[in-house]
Amino acid sequence: RGSFPWGREDAELTEHYRRLGAWYRAHPCLREGECSLRAEDEDTLVLTRWDETERITLSANRREGKIALS
């Protein structure tokens, strides 16, 4: 932790990770559910996690702009 910028934290980045942690705690399928990872194309990855009660799909796109997933 010596490299952490104590006193100069990036508030926006810290809040982003705080929200991610809240999602992780609020949705058990992100911790314990089934998992599927696929390449939509050479620029897009799609991760789906699910359990008996919910399904969450996340995508990572390295292109400019929006994309449509199949």
Side-chain angles (χ1 to χ4, degrees):
R1 298 204 183 241
S3 62
F4 189 81
W6 297 107
R8 302 178 320 278
E9 297 89 353
D10 180 329
E12 185 177 341
L13 185 60
T14 301
E15 181 57 29
H16 173 74
Y17 281 103
R18 194 171 282 131
R19 285 191 307 267
L20 287 177
W23 259 79
Y24 184 79
R25 288 186 300 280
H27 299 280
C29 76
L30 294 176
R31 296 184 306 276
E32 302 165 353
E34 299 290 323
C35 180
S36 167
L37 179 65
R38 67 183 166 90
E40 182 75 9
D41 57 37
E42 66 274 1
D43 293 315
T44 310
L45 286 175
V46 179
L47 170 71
T48 302
R49 297 289 308 251
W50 69 93
D51 63 13
E52 313 79 45
T53 61
E54 67 182 344
R55 173 180 298 265
I56 295 176
T57 299
L58 308 166
S59 64
N61 170 26
R62 66 179 179 180
R63 288 190 208 143
E64 294 283 330
K66 296 179 181 181
I67 61 166
L69 298 176
S70 57

query = Partners of R31 by salt bridge (charged side-chain N to carboxylate O under 4.0 Å, His left out), sequence neighbours excluded?
reply =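 Residues passing salt bridge (charged side-chain N to carboxylate O under 4.0 Å, His left out) with R31: none at all.
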task = Could you pull out all residues at least two apart from R25 that satisfy side chain to side chain contact (heavy atoms under 4.5 Å, CB included)?
result =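 Per chain and number, R25 pairs via side chain to side chain contact (heavy atoms under 4.5 Å, CB included) with A22.
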key: Results of side chain to side chain contact (heavy atoms under 4.5 Å, CB included) for T14 - residues two or more places apart only   =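 Partners of T14 by the side chain to side chain contact (heavy atoms under 4.5 Å, CB included) criterion, ordered by chain and then number, come out as E9, R18.
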inquiry  = With a 4.5 Å cut-off on side-chain heavy atoms, are L30 and I56 touching?
reply    =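 They are in contact (side-chain heavy atoms under 4.5 Å apart), so the answer is yes.
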inquiry  = Could you check whether any side-chain heavy atom of S36 comes within less than 4.5 Å of a side-chain heavy atom of L47, counting everything from C-beta outward?
reply    =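 No. Closest side-chain heavy atoms not under 4.5 Å.
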Side-chain atoms of residues 57-65: list all donor-acceptor pairs with protein atoms under 3.5 Å, sequence neighbours left out, distances to 0.1 Å.
from: T57; atom 1: OG1; to: T48; atom 2: OG1; distance (Å): 3.2
from: N61; atom 1: OD1; to: R63; atom 2: N; distance (Å): 2.9
from: N61; atom 1: ND2; to: G65; atom 2: O; distance (Å): 3.1
from: R62; atom 1: NE; to: D43; atom 2: OD1; distance (Å): 2.8
from: R62; atom 1: NH2; to: E42; atom 2: O; distance (Å): 3.2
from: R62; atom 1: NH2; to: D43; atom 2: OD1; distance (Å): 3.4
from: R63; atom 1: NE; to: D43; atom 2: OD2; distance (Å): 3.1
from: R63; atom 1: NH2; to: D41; atom 2: OD1; distance (Å): 3.2
from: R63; atom 1: NH2; to: D41; atom 2: OD2; distance (Å): 2.5

ask   = Apart from Y17 itself, what residues make up its hydrophobic cluster when side-chain heavy atoms of I, L, V, M, F, W and Y under 4.5 Å apart count as a link, directly or indirectly?
value =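 Besides Y17, the hydrophobic cluster comprises L13, L20, listed by chain and residue number.
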request  = Calculate, to the nearest 0.5 Å, the distance between atoms CZ and SG belonging to R49 and C29 respectively.
outcome  =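 The SG atom of C29 is 7.0 Å from CZ of R49, to the nearest 0.5 Å.
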query = Do you know the tightest heavy-atom contact between L45 and A39?
reply =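 Taking every non-hydrogen atom into account, CD2-CA, 4.0 Å.
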key: Residue pairs involving residues 24-50 (criterion ring pair (Phe, Tyr, Trp, His ring centres under 6.0 Å); sequence neighbours excluded)   =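 Found W23-H27.
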message = Counting only heavy atoms not in E12 (residues, nucleotides, ligands), do more than 12 fall under 6.0 Å from its CD?
response =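 Check fails, neighbour count at 12 or below.
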